[in-house]
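Please read the structure below before turning to the comments.
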Amino acid sequence: MGTEKAVNAVVVGDVMLDSWLLGSAKRLAQEAPVPVMSLEATEDAPGGAANTAANLVALGARVRLVGVVGDDDCGDKLVRSLRLLGVETDLLTVPGRRTSHKWRLVASGQLTARFDEEDLDLLSGEAERDLVERLAAALPGADVVVACDYGGGVFTPAVRRALTGLPLLVVDAHAVAPWRECGPAAVLPNYAEVVRLLGHTDGTADRLAYLTSCSDRLLELTGAGIVVTTLDGEGTLLHRGGRRPYRTYAQPAPHHMATGAGDTYTAAFALWLADGATPEEAAEAGQAAAGVVVRRQGTAVCTRYELLRALRRQEGAVQSAERLAQLLDEHRRRGERVVFTNGCFDVLHRGHVSYLEQAGQLGDVLVVAVNSDASVARLKGPGRPVNPCEDRMSVLAALNDVDYVTEFDEDTPERLLRMIRPELYVKGGDYTPEMLAEAALVRSLGGEVRVLDYLPDRSTTAIIGRLRSLPDRLDSA
């Protein structure tokens with residue numbers, strides 16, 4: 001969650017390289033009625049357990065990745081890409097084994113084909129013993145261990161035994177039943193695997209009701225403290241003992257855009273658990289992180305900054321002063337810097353947007369306090385505001401750089417400043433810090449005051465004046 005002490009994570013499992021062949025298709029082949037694609041670019045990215053590790057690093061964790069690659073160019077390329085991303089790799093090279101490689105052909109944004117190169121035989125002999133030794137060396141000091149089991153041959157019984165009894169073991173597996181004896185903290189099966197685990201040939205049209213009715217049975221069969229069942233593009237359902245299942249919601253996305261989203265979910269979920277979040281909070285973090293990557297082509301990662309911003313959007317940008325103070329306490333617990341500004345923002349213009357962009361870059365959380373309608377009328381005179389406070393706050397909340405918006409009714413934001421205690425107070429315009437009545441208060445609270453760049457000839461008053469000077473005939477047009 002972004003505390004000052006980075007979480008130490010170990011990821012073990014089936015690593016792979018994802019390659020995306022990108023181009024356009026404008027005609028059919030003469031040999032058969034199939035599209036002819038003009039290849040324009042190839043993009044490679046870590047996949048599977050390697051993608052989970054890359055996401056954990058992007059989210060702020062220190063990561064050690066244990067797995068198996070072949071003695072081939074694909075394995076070399078995967079290791080190089082992981083090191084560039086900041087993942088500490090401890091990958092066993094097995095002579096004669098192929099590194100798992102998944103190719104996807106995308107023509108004009110549409111996934112048209114996928115083909116895989118992989119060896120799925122279980123490790124044995126010296127390779128298995130070597131992997132167990134590497135894993136034993138990696139585990140001490142780990143705050144969380146994530147096992148990514150996609151049937152790639154890494155998880156022999158001996159490897160799973162090496163993971164038994166860990167305080168925080170999160171398992172993302174296509175088949176969770178073999179993990180029961182490990183006593184995992186959490187397992188993350190998909191819906192089809194849950195149906196098989198329960199011994200059924202199919203679920204039901206009402207998947208939520210079906211999963212809810214089987215909640216206790218799922219916990220018993222998996223031996224896990226938490227079971228997160230994925231509902232494809234509809235979110236997840238979290239099960240834990242003595243509680244009603246907890247639902248998260250996903251925004252629909254095309255299936256071909258969801259590649260790797262499960263890895264991202266697992267990374268954020270595991271990291272939030274390791275950092276002290278409740279399972280429900282961890283599930284929301286996982287869902288928000290997955291929502292970031294499904295909007296991108298290819299295999300992508302979600303950064304810590306992107307995830308925290310997505311979670312703030314879920315909470316809602318417009319907040320009461322009292323609720324905002326509570327939320328900012330949580331941000332400070334994560335070590336984040338709060339930036340505060342205020343104004344009427346009656347008619348939003350380029351000058352506003354420019355200085356809010358600058359303000360957003362000076363910290364982690366940008367709070368904008370908006371003068372109430374009564375406050376604007378006192379400050380600006382009759383006929384103002386042009387737009388009511390609710391509308392002004394909604395427009396500000398839609399800006400990408402603004403995290404929270406709140407209202408104040410006084411002529412100055414001093415009451416808010418005492419509640420929020422920002423690390424940085426900024427204003428835009430032709431001010432100097434000495435001209436700001438709030439500057440002394442901010443400094444007494446331990447904050448800094450800064451005036452940002454001013455765009456001349458950009459003001460709400462000037463815009464309203466120009467509009468009012470237009471001919472009457474335009475008013476009725």
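Quick note: numbers below take in every heavy atom, side chains included, and nothing from hydrogens, waters or symmetry partners.
Considering all non-hydrogen atoms of both residues, Leu22 and Leu39 come closest at O-CD1, 3.5 Å. Val347 and His352 get closest at one heavy-atom pair: O-CE1, 3.4 Å. Heavy-atom minimum distance, Ala369 versus Leu416: CB-CD1, 3.6 Å. The minimum heavy-atom distance linking Glu407 with Ser372 is given by the pair OE2-CB, 3.1 Å. The two residues Pro35 and Ala25 make their nearest non-hydrogen contact at CB-CB, 3.9 Å. Taking every heavy atom of both residues into account, Asp18 and Pro46 meet most closely at OD2-O, 4.4 Å.
Thr248 and Thr236 share a side-chain donor-acceptor pair at under 3.5 Å. With 3.5 Å as the limit, one finds no donor-acceptor pair spanning the side chains of Tyr150 and Ser100. Side-chain N/O atoms of Asp409 and Ser375 include no donor and acceptor closer than 3.5 Å.
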Could you pull out every donor-acceptor pair under 3.5 Å between side chains of residues 47-61 and any protein atom, sequence neighbours left out?
unit_1	atom_1	unit_2	atom_2	d
Asn51	OD1	Asn55	ND2	3.1
Asn51	ND2	Gly260	O	3.4
Asn51	ND2	Asp263	OD2	3.0
Thr52	OG1	Gly48	O	3.4
Asn55	OD1	Thr264	OG1	3.2
Asn55	OD1	Cys302	N	3.0
Asn55	ND2	Asn51	O	2.9
Asn55	ND2	Thr264	OG1	3.3

Q | Candidate pair Gln358 and Leu362, rule side-chain contact (heavy atoms from CB on, under 4.5 Å), full reasoning | A | CA-CA 7 Å; Gln358 293 179 63; Leu362 296 175; 5.7 Å; no
Q: For Phe345 and Val395, run side-chain contact (heavy atoms from CB on, under 4.5 Å): C-alpha distance rounded to whole Å, both residues' side-chain angles, the deciding distance at 0.1 Å, then the answer.
A: CA-CA 9 Å; Phe345 300 99; Val395 171; over 6 Å; no
Q) Where do Asp403 and Val367 land on the side-chain contact (heavy atoms from CB on, under 4.5 Å) test, with the steps shown first? A) CA-CA 6 Å; Asp403 296 299; Val367 177; over 6 Å; no
Q: Test Val318 against Glu390 for side-chain contact (heavy atoms from CB on, under 4.5 Å), laying out the working first.
A: CA-CA 9 Å; Val318 178; Glu390 181 179 357; over 6 Å; no
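Taking the six-membered ring for Trp and thresholds of 30 and 60 degrees, Trp103 and His101 have ring planes inclined between 30 and 60 degrees apart.
How far CD of Glu284 is from OG1 of Thr278: 9.0 Å, rounded to the nearest 0.5 Å. In this structure, CZ in Arg244 is found 13.5 Å from CG in Leu238, a value given to the nearest 0.5 Å. In this structure, CZ on Arg62 lies 4.5 Å from CG on Asn8, to the nearest 0.5 angstrom. The CH2 atom of Trp20 sits 9.5 Å away from atom CZ of Arg114, with the distance rounded to the nearest 0.5 Å. Arg104 CZ to Leu21 CG: the interatomic distance, rounded to the nearest 0.5 Å, is 11.0 Å. The CG atom of Leu324 sits 9.5 Å away from the CD atom of Glu322 when rounded to the nearest 0.5 Å.
Contact check for Phe269 versus Asp172: no side-chain heavy atoms found under the 4.5 Å cut-off. Looking at heavy atoms from C-beta onward, Glu423 lies out of side-chain contact with Glu336 at the 4.5 angstrom threshold. Two residues are said to be in side-chain contact when any heavy atoms from C-beta on lie closer than 4.5 Å; Leu188 and Thr230 fail this criterion. Contact annotation: the side chain of Tyr425 approaches that of Pro413 to within less than 4.5 Å [non-hydrogen atoms, C-beta and beyond]. In this structure, the side chains of Leu307 and Val292 stay at 4.5 Å or more apart for every pair of heavy atoms. The closest side-chain heavy-atom distance from Asp44 to Ser19 is below 4.5 Å. Two residues are said to be in side-chain contact when any heavy atoms from C-beta on lie closer than 4.5 Å; Leu82 and Leu91 meet this criterion. Residues Val228 and Tyr265 are in side-chain contact: their nearest non-hydrogen atoms beyond the backbone lie under 4.5 Å apart.
The existence of a salt bridge linking Glu306 and Arg309 is excluded, since no basic side-chain nitrogen approaches an acidic carboxylate oxygen closer than 4.0 Å. With respect to Arg337 and Asp364, no salt bridge is recorded, no charged nitrogen being found less than 4.0 Å from a carboxylate O.
Asp373 pairs with exactly one of Arg392, Lys380, Arg378 by the salt bridge (charged side-chain N to carboxylate O under 4.0 Å, His left out) rule, that one being Arg392. With Thr229 as the partner, the side-chain contact (heavy atoms from CB on, under 4.5 Å) test is satisfied by one option alone out of Leu208, Val194, Val195, Asn190: Val194. Each of Arg323, Gln319, His331 was scored for a side-chain hydrogen bond (donor to acceptor under 3.5 Å, both in side chains) with Tyr404, with one residue passing: His331. When Leu436, Leu452, Val449 are each tested for a side-chain contact (heavy atoms from CB on, under 4.5 Å) with Lys427, only one passes: Leu436.
Ser354 contributes no side-chain N or O that, together with a main-chain N or O of Gly351, makes up a donor-acceptor pair within less than 3.5 Å. Using modelled atom types, no side-chain atom of Ser215 and backbone atom of Thr212 make a donor-acceptor pair closer than 3.5 Å. A donor-acceptor pair under 3.5 Å is formed between the side chain of Asn387 and the backbone N or O of Asp346.
For Arg421, the CZ atom is loosely surrounded, since the number of other residues' heavy atoms within 6.0 Å does not exceed 12. Shown here is Arg418, whose CZ atom has no more than 12 heavy atoms of other residues, nucleotides or ligands within 6.0 Å. Annotation: Lys102, atom NZ; neighbour count of heavy atoms from other residues, nucleotides and ligands within 6.0 Å is above 12.
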